[in-house]
J.: 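Here it is, the structure, as C-alpha cells.
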Amino acid sequence: MSSKKHVATRSSAQPKRPEKIVDSARRRLASVSRPNSRPGEKSRRQTDMLAAFFRFAPDAVIVVDERGRISRANDQIKMMFGYTSRELIGKRIEVLIPPRFRSRHAEHRRNYMSASRPREMGVDLDLYALRKDGSEFPADIMLSPVDTEEGRVVIATVRDVTEHKRVEEALRKSHEELEARVRERTAELTYATQTAVAAFENRARQQSAVAELSRRALEGRDLTSVLDDAVGRRTIVA
C-alpha cells in the first residue's frame with residue numbers, strides 16, 4: 001500500500017507539458033471574460049494568470065499586440081534569443097525573424113490577426129528564429145490568441161528544436177546508410193544466386209552427358225559426338 005501511494009505522489013508532482021500550460025492559461029483567461037465578471041476582478045485575474053504562465057513556462061513566451069509589437073516577454077527570452085525582455089518591449093516581432101522571411105511574415109501576421117486561431121506545436125512547418133547576435137536556429141512556435149481589455153493579443157510560445165533537428169538528421173542518415181547496405185547486400189545475394197544457378201545448370205549438363213555416354217557405351221554405339229559435345233560445353237562454361 002505504501003509504495004503505491006508513493007508512486008501516485010511522484011506522478012502528480014510531474015510538471016505540466018508547455019502545451020497544457022498554454023491551454024490552461026488560455027481557458028482561464030477566457031473564463032474571466034464572462035459578462036458577470038467585474039472589470040477590476042477580470043483584469044486582476046488576467047494579470048495573475050499571465051504572470052503565472054510567464055513564470056513557469058519552460059519555453060520563451062512572447063505577447064504580441066494587434067500591431068505586431070511585443071508587449072511582454074518572459075525570462076527565457078534571454079537564454080534563447082540573447083535579448084532581455086526590456087530590450088524587446090515595443091519592437092515588432094519581425095526583429096526575431098530572419099531578414100529573408102520578414103516581409104512575408106508581416107503579411108502572414110496581419111492575416112492571422114484578422115482570423116486568428118490556436119496553432120499547436122509540432123505542425124509540419126520549417127520555422128527559423130533570429131538571435132541578437134545574428135545567428136539563426138530552427139524553432140517550433142505555438143500561437144494562442146487571447147482577447148483582453150486592450151484588444152486581441154497573441155501569445156507565441158517558442159521552442160528551440162536544434163537538438164530535435166540534429167537527431168532527425170542523424171536518423172535520416174542512418175536510414176539512408178541502412179538502405180544502401182541493404183541494396184549492396186541484395187546485389188551480392190543476386191550475384192551469388194545467379195552464380196549458383198549457373199553452376200547447378202552446368203553440373204546438370206555434365207551429369208546428362210555422363211548418362212548419355214553410359215547409355216551409348218552399353219549399346220555399343222559411337223561415343224565421339226557425345227564426348228565432343230560434353231567437352232565443348234565444358235570449355236564454353238569455363
Side-chain angles (χ1 to χ4, degrees), residues 15-23 25-26 29 47 49-146 148 150-177:
K16 292 184 177 179
R17 291 171 56 87
E19 294 86 345
K20 293 183 178 180
I21 296 175
V22 174
D23 290 340
R26 188 167 58 221
L29 285 172
T47 301
M49 290 301 101
L50 278 175
F53 172 65
F54 270 59
R55 180 180 178 184
F56 295 108
D59 301 309
V61 181
I62 306 165
V63 178
V64 182
D65 63 21
E66 292 179 303
R67 299 174 301 165
R69 296 190 179 278
I70 299 171
S71 60
R72 190 169 181 180
N74 70 346
D75 293 338
Q76 296 293 340
I77 205 80
K78 175 68 174 176
M79 182 181 301
M80 190 174 297
F81 288 93
Y83 291 97
T84 63
S85 57
R86 182 171 298 183
E87 287 179 288
L88 290 176
I89 301 303
K91 294 185 182 296
R92 291 194 178 278
I93 188 63
E94 280 75 27
V95 73
L96 303 179
I97 305 295
R100 65 185 182 280
F101 300 131
R102 284 178 183 170
S103 59
R104 187 169 56 184
H105 182 271
E107 181 181 354
H108 289 335
R109 173 174 52 76
R110 287 190 292 268
N111 293 337
Y112 181 84
M113 281 296 186
S114 63
S116 55
R117 61 196 180 281
R119 189 184 75 192
E120 301 294 337
M121 282 190 173
V123 179
D124 190 18
L125 296 173
D126 286 327
L127 304 176
Y128 290 86
L130 182 69
R131 298 188 181 93
K132 184 179 181 179
D133 63 7
S135 61
E136 299 180 13
F137 63 92
D140 199 355
I141 303 174
M142 178 167 59
L143 302 178
S144 305
V146 177
T148 68
E150 292 76 23
R152 174 165 292 184
V153 299
V154 174
I155 302 175
T157 306
V158 185
R159 180 176 298 169
D160 185 343
V161 293
T162 301
E163 182 63 18
H164 178 73
K165 292 288 186 181
R166 187 193 66 78
V167 172
E168 278 188 343
E169 180 64 15
L171 289 174
R172 184 189 65 80
K173 288 183 177 180
S174 177
H175 181 69
E176 289 179 351
E177 291 173 358

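The first residue in the sequence is number 1, and the count goes up from there. Just so you know, these numbers come straight off a predicted model, no measurement behind them.
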J.: Identify which one of V63, V146, L143 satisfies the side chain to side chain contact (heavy atoms under 4.5 Å, CB included) criterion when paired with V154.
T.: L143

J.: Decide yes or no on side-chain contact (heavy atoms from CB on, under 4.5 Å) for Y83 and V95, but give the supporting numbers first.
T.: CA-CA 11 Å; Y83 291 97; V95 73; 3.8 Å; yes

J.: Which heavy atom of Y112 sits nearest to which heavy atom of P145, and what is that distance?
T.: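 Scanning both residues completely, I find the closest heavy atoms to be OH-CD, 3.4 Å.
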
J.: Counting N and O atoms only, with roles assigned by atom type, does the side chain of N74 sit under 3.5 Å from a partner on the main chain of V61, one being a donor and the other an acceptor?
T.: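 Side chain of N74 to backbone of V61, a donor-acceptor pair under 3.5 Å: yes, one is there.
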
J.: Give the minimum heavy-atom separation between D160 and M80, together with the two atoms involved.
T.: N-CE, 3.8 Å

J.: Would you say the side chain of E169 lies within less than 4.5 Å of the side chain of K173, judging by non-hydrogen atoms?
T.: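 In short, these two side chains touch, coming nearer than 4.5 Å.
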
J.: Scan for salt bridge (Lys or Arg N to Asp or Glu O under 4.0 Å) pairs involving residues 101-114, sequence neighbours excluded, and state none if there are none.
T.: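 Listed by first then second residue: E94-R109.
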
J.: Could you walk me through whether K165 and D126 pass the side-chain contact (heavy atoms from CB on, under 4.5 Å) check?
T.: CA-CA 10 Å; K165 292 288 186 181; D126 286 327; 3.5 Å; yes

J.: For residues I77 and A60, report the shortest heavy-atom separation together with the two atoms involved.
T.: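 Taking every non-hydrogen atom into account, CD1-CB, 4.0 Å.
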
J.: Less than 4.5 Å apart, side chain to side chain, heavy atoms only: is that true for L96 and L88?
T.: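 They are in contact (side-chain heavy atoms under 4.5 Å apart), so the answer is yes.
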
J.: List the atom of S85, the atom of A73, and the distance in Å for their closest heavy-atom pair.
T.: CB-O, 3.4 Å

J.: Answer yes or no: are there more than 12 heavy-atom neighbours, outside R117 itself, under 6.0 Å from its atom CZ?
T.: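 Not more than 12 within 6.0 Å, no.
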
J.: Check salt bridge (Lys or Arg N to Asp or Glu O under 4.0 Å) between E136 and all other residues, then give those that pass, not counting sequence neighbours.
T.: R100

J.: With side-chain contact (heavy atoms from CB on, under 4.5 Å) as the test, would you mind laying out the steps for E87 and K132 before giving the verdict?
T.: CA-CA 10 Å; E87 287 179 288; K132 184 179 181 179; 2.7 Å; yes

J.: Kindly give the heavy-atom pair with the smallest separation between L130 and P98, and that separation in Å.
T.: CB-N, 3.9 Å

J.: Looking only at heavy atoms, which two atoms of I141 and R119 are closest? And how far apart?
T.: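 That closest heavy-atom pairing would be O-NH2, 3.0 Å.
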
J.: Take D65 and R67 through the salt bridge (Lys or Arg N to Asp or Glu O under 4.0 Å) test and state the conclusion after the steps.
T.: CA-CA 5 Å; D65 63 21; R67 299 174 301 165; 3.4 Å; yes

J.: Tell me, please, which residues at least two apart from K91 pass salt bridge (Lys or Arg N to Asp or Glu O under 4.0 Å).
T.: none

J.: Taking the side chain as every heavy atom from C-beta outward, state whether I70 and I93 have any pair of such atoms under 4.5 Å apart.
T.: yes

